[in-house]
Protein chains: 2
Amino acid sequence: MTRPPRTLNISDVAERAGVSPATVSRVMNGNPTVDPELARRVRETAAELGYSANPLARSLVLGRTQTIAVVVPNLANPTFQEILRGISRSASRDGFHVLVADTNETVAEERSLATEARRRTDGLVLCAPRMGEAELTALLPTLTPVVVVNRDAGHDVPVIAADYRSALHDVAQHLYDLGHRRIVYLAGVRASATNTQRAEALDELRRRHNDVSVIEIDCGVSFQDGAGAVDTVIATRATAAIGFNDLVALGLVNGLRSRSVRVPDDISVAGLDDIPFAQFASPPLTSATVPTSEMGEHAWAALHRLIEGREAAPAMFFRPRLQVRESTARAPR
Amino acid sequence: MTRPPRTLNISDVAERAGVSPATVSRVMNGNPTVDPELARRVRETAAELGYSANPLARSLVLGRTQTIAVVVPNLANPTFQEILRGISRSASRDGFHVLVADTNETVAEERSLATEARRRTDGLVLCAPRMGEAELTALLPTLTPVVVVNRDAGHDVPVIAADYRSALHDVAQHLYDLGHRRIVYLAGVRASATNTQRAEALDELRRRHNDVSVIEIDCGVSFQDGAGAVDTVIATRATAAIGFNDLVALGLVNGLRSRSVRVPDDISVAGLDDIPFAQFASPPLTSATVPTSEMGEHAWAALHRLIEGREAAPAMFFRPRLQVRESTARAPR
DNA sequence: TTGAAAGCGCTAACAG
DNA sequence: CTGTTAGCGCTTTCAA
């Protein structure tokens, strides 16, 4: 293991300016107890040499890295991309860097990835963790400061989440109002907590309307998953389908097209999330708008408070807004 | 500035195991020169205490962080999202973490963001930098090890790029073959190097076919930019339009729809990149497929080589593949 | 107001 | 094979 050649350090500057390293440190940190004239000279020397303090060394001694970590289940999912973007923009505005970790839907690695990422940073945003309730409850305290996105997480941890129960309720009710009585729901990963919320909304629909039949199909979270479910969906003879998210819904639409099933004439399809491209799909997809990048910003704000030792932010739930587009229509009679 | 409470460190483990810190260090690093029995005991103690070495301290002494930085112009752009994902996946496979920095198309901050990010990491992937040639040439040597994506960068720096010249050539030729003789091109940011490549391809088209007229319009890189250009495009009376990228093209399509101009009946529209959603657009968008996530993987591979002190990888150019879909058709007569 | 010295947590050269 | 020691680059008491 060859050690890299050493670089310009604080002593070099100190020596050149004829002062002690301590003084250079004070100047670089804007400590006002330094003689103005001396400070000027040091600053000049530093500029001349192109010196700036090694962030690693500072991190070690100060115990803070000015960096946070964001753990997402899948970087290919537009929802998490948006959340990441929201976090990244606002964190960088506050002078923080962002480390990103993609678990790739591998539940088994969530824990270690989060732990590892957390150790190199000052705090963590855990997005939609897929692990079991017990594991999460045990893990979170070891991760503080941490905030959780799109999953509920007890009372000690700030939560920023979309209310998927309400979202699915609105979408399902919209379909019911259009006359659909046989509705299929393409469920996401069982492990996903938001999937449970969605299921609850379906239960409620069943309770409220005894003339409706809701069929749940195990599917997945990706475009491919949605496309792959097409035959099962057709077999149910449902007149409407709701995707776990827009990706699944869009995949299904594509699959239906390949089977020459028309959307929305033969079957209505709706998604959840309202990803940026839902509106440009063919046909434009009915969905429920989740304010993802704002949620990212709030996640950062909550984490920032924690990092600064301020009181934890309360859990925040965002109610998605139903966005009716052309992929849903009256049920065929 | 309150110093955080100190945590479990190597001396705690050493003390508990009745050995020196050096021995613990050796054990933790798998150094084989330790008595197996002793090693076992140390490992046991470490596990018992839940100890693992502080990465910050290791980074400082070893001079490597096991982290790389990725700088992108815009995290909202699917192309950069995919590149980031490709890098992230492959880097993490090799035990590296990824710091992400979004410049938000702010040319003035590219330099400082890249420099800052580089200082906390072992290497940098600079994606499609927008800064001027001279500035880039001056900056790159201060960033090594660094690899550049989607922009040419002299001979000392590995480059991973899509051949946009070829891509635009194929798209333009495709339109020409469909009978289009009046084609409008929605240019991206002037600063973008790949924009220049695209312009070259248009020049070539003009040279080869003196019956074709190619109009260039300053536009931008986003969906909104494309939508905003709609009236200008209509005013040109062109029968076909090529977007700087798929986002612009999709924006234009949407704008045209709002003006009741039919695609492709009245005007053909094509994009560049073939982002994941190009195929689900309405109508599905003709584009040129850029293998973004593979490019990300190659970018990591090239950077990894550099970090390990191996010889620099040669510049790699990927030729995009024309993907004809329903947004382009024969020119109206 | 400034400098000397200790120490953040770790690794590696050097003795033994 | 193991411990002692020095030092990565910085900040921060403590004394002067």
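Owing to the predicted nature of the structure, the values given are computational and were not obtained by experimental measurement. Proteins get letters first, then strands, A, B, ... in listed order; numbering begins at 1 in each.
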Separation of atom CZ in A:R64 from atom P in D:dT11, rounded to whole Å = 10 Å
Does B:R26 place a side-chain N or O at less than 4.0 Å from the phosphate oxygens OP1/OP2 of C:dT11?
-> no
Report the nucleotide, chosen from C:dG3, C:dC10, C:dT2, that has the shortest atom-to-atom distance to any side-chain atom of A:V19.
-> C:dG3
Find the distance A:R58:CZ to D:dC8:P and express it as a whole number of Å.
-> 19 Å
Touch class at under 4.0 angstrom, heavy-atom based, for B:A53 against every strand present | sugar-phosphate
Assign each of A:P36 and A:R119 the nucleotide of DNA chain C bearing its closest heavy atom; nearer the 5' end lies the nucleotide of A:P36
DNA chain D nearest-nucleotide lookup for B:A57 and B:A39: closer to the 5′ end is B:A39
Heavy-atom nearest nucleotide on DNA chain D taken for B:P21 and for A:S52; more 5' hit belongs to B:P21
Pairwise distance CE(A:M295) to CD1(A:I87) - rounded to 0.5 angstrom = 9.5 Å
Does OP1 or OP2 of D:dG3 have a side-chain N or O of B:T23 closer than 4.0 Å?
-> yes
Inspect the contact between A:E297 and A:R89 and indicate whether a charged nitrogen and a carboxylate oxygen are less than 4.0 angstrom apart.
-> no
Whole-Å distance separating the CE atom of A:M28 from the C1' atom of D:dT12 = 17 Å
Phosphate-side-chain proximity, A:N9 and D:dG9, N/O vs OP1/OP2 below 4.0 Å = yes
Side-chain donor-acceptor pair under 3.5 Å between A:R119 and B:S52, yes or no?
-> yes
Is it true that A:R151 and A:E133 have a side-chain N and a carboxylate O under 4.0 angstrom from each other?
-> yes
Side chain of A:D35: nearest nucleotide among D:dG9, C:dT2, D:dT12?
-> C:dT2
Starting from P on D:dT12, measure out to CG on A:N29 and report it in whole angstrom.
-> 7 Å
Whole-Å gap separating C1' (C:dG3) and CD (A:E15) | 15 Å
So does A:Y51 get a side-chain nitrogen or oxygen closer than 4.0 Å to the phosphate oxygens (OP1/OP2) of D:dC10?
-> yes
Could you work out which one of C:dG9, C:dT11, D:dT2 sits closest to the side chain of B:L38?
-> D:dT2
Touch check for A:L56, heavy atoms < 4.0 angstrom, all strands: base, sugar-phosphate only, or nothing?
-> nothing
Could you state the atom-to-atom distance from CG of A:L62 to C1' of C:dG7 in whole Å?
-> 13 Å
Return the value, rounded to whole Å, for the distance between atom CD1 of B:I10 and atom P of C:dG9.
-> 11 Å
Nearest whole angstrom, please: distance from the P of C:dG9 to the CG of B:D12.
-> 9 Å
Check every strand shown and say whether B:T33 touches a base, only sugar-phosphate, or nothing at a heavy-atom separation below 4.0 Å.
-> base
Out of curiosity, B:L75 CG to B:L84 CG, how far, rounded to the nearest 0.5 Å?
-> 6.5 Å
Side chains of A:R58 and A:N29: donor-acceptor distance under 3.5 Å anywhere?
-> yes
